[in-house]
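Structure first, then comments.
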Amino acid sequence: MRPRELIAAVALGLAAAAAQAEPCTVVFGQGRNPPLKDGPDWDDLNQRFNAAVTNTLDAEGRRVIPMTASAVQADPTAAGVALLEQADNLHCNTLIETALFVDQNDTLVLRLRVYPLLPTLGDGGVINGLRIGAPLFVTQRDLALIALTRLRPDLVGQQMAAEYLQHDRR
């Protein structure tokens, strides 16, 4: 192998290693409204919103891990612990929470929040997991409930993810 070819091969190898070492972002969405007979499929709406955010970030070269949980999750605390364990195992340093729900005032809310995932220190200063820090970025749409019939969670998710990318230029 000639020196130029060797240098090119080493550079490609280093670039591949750097790409694998890049921290990831968990994009987590969970339904809040329970399913109602003849009502909207909140889990599907949340899944579509989450997927749009994930796909937009992925298209910009971000390493993203999508995760969603049903509105009827039996144990939200256990789901949170599992999310942090998986994020730690995958070396993620950011959590993006996607939420699409109707609040107590019958307002349709679409929200994207970005949090840092910070190390939790145990005895002797050893890192023994992750915790969620204070929000770094929040964008939200509050709509009249009637808008649900025309809502395109995929388009709103793309828009909100683009707003975040404008804020977090890497």
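The shown structure was predicted, so the numbers you read here are calculated from the model rather than taken from an experiment.
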Let me confirm one number: the [atom1]-[atom2] distance from [X] to [Y], rounded to the nearest 0.5 Å.
X      : Y     : atom1 : atom2 : answer
Asn46  : Phe28 : CG    : CZ    : 9.5 Å
Leu100 : Trp42 : CG    : CH2   : 6.0 Å
Leu165 : Leu57 : CG    : CG    : 5.0 Å
Arg131 : Asp88 : CZ    : CG    : 13.0 Å
Ile65  : Asp58 : CD1   : CG    : 9.5 Å

Under 3.5 Å, which donor-acceptor pairs link side chains of residues 143-162 to any protein atom two or more places apart or in another chain?
residue	atom	partner	partner atom	Å
Thr149	OG1	Ile146	O	3.1

- Query: Using links of under 4.5 Å between side-chain heavy atoms of ILVMFWY residues, direct or through other members, which residues join Val81 in one cluster?
  - Reply: none
Do you know the tightest heavy-atom contact between [X] and [Y]?
X      : Y      : answer
Leu83  : Met67  : CD1-SD, 4.0 Å
Asp43  : Ala71  : OD1-N, 2.8 Å
Val102 : Asp106 : CG1-CA, 3.6 Å
Arg63  : Leu90  : NH2-O, 3.2 Å

- Item | Pairs satisfying disulfide bond (SG atoms under 2.5 Å apart), at least one member in residues 132-168, at least two apart | none
Not counting sequence neighbours, which residues clear salt bridge (Lys or Arg N to Asp or Glu O under 4.0 Å) with [X]? List them please.
X      : result
Asp44  : Arg48
Arg111 : none
Glu60  : none

Which residues share a side chain to side chain contact (heavy atoms under 4.5 Å, CB included) with [X], sequence neighbours left out:
X      : result
Leu84  : Leu117, Leu130, Ile132
Thr107 : Asp103, Asn105, Val109, Asp142
Pro116 : Leu118, Leu136

- Item | ring pair (Phe, Tyr, Trp, His ring centres under 6.0 Å) partners of residues 114-153, not counting sequence neighbours, each pair once | Phe137-Tyr164, Phe137-His167
- Task: Say whether Leu45 and Val27 are linked into one hydrophobic cluster, either directly or through other cluster members, by side-chain heavy-atom distances under 4.5 angstrom.
- Result: yes
- Indicate, with yes or no, if Leu112 and Leu110 share a hydrophobic cluster defined by side-chain heavy-atom contacts under 4.5 Å among Ile, Leu, Val, Met, Phe, Trp and Tyr. yes
- Item | Test item: Asn50 side-chain N/O and Thr68 main-chain N/O as donor-acceptor pair under 3.5 Å | no
- Query: Considering only heavy atoms from C-beta outward, does the side chain of Thr139 approach that of Glu163 to under 4.5 Å?
  - Reply: yes
- Query: Does any non-hydrogen side-chain atom of Pro35 lie less than 4.5 Å from one of Val72?
  - Reply: yes
- Task: Would you mind listing every side-chain hydrogen bond (donor to acceptor under 3.5 Å, both in side chains) that reaches into residues 28-37, with sequence neighbours excluded?
- Result: Arg32-Glu97
- Query: How would you list, by chain and number, every residue that makes a side chain to side chain donor-acceptor pair (under 3.5 Å) with Gln104, sequence neighbours excluded?
  - Reply: none
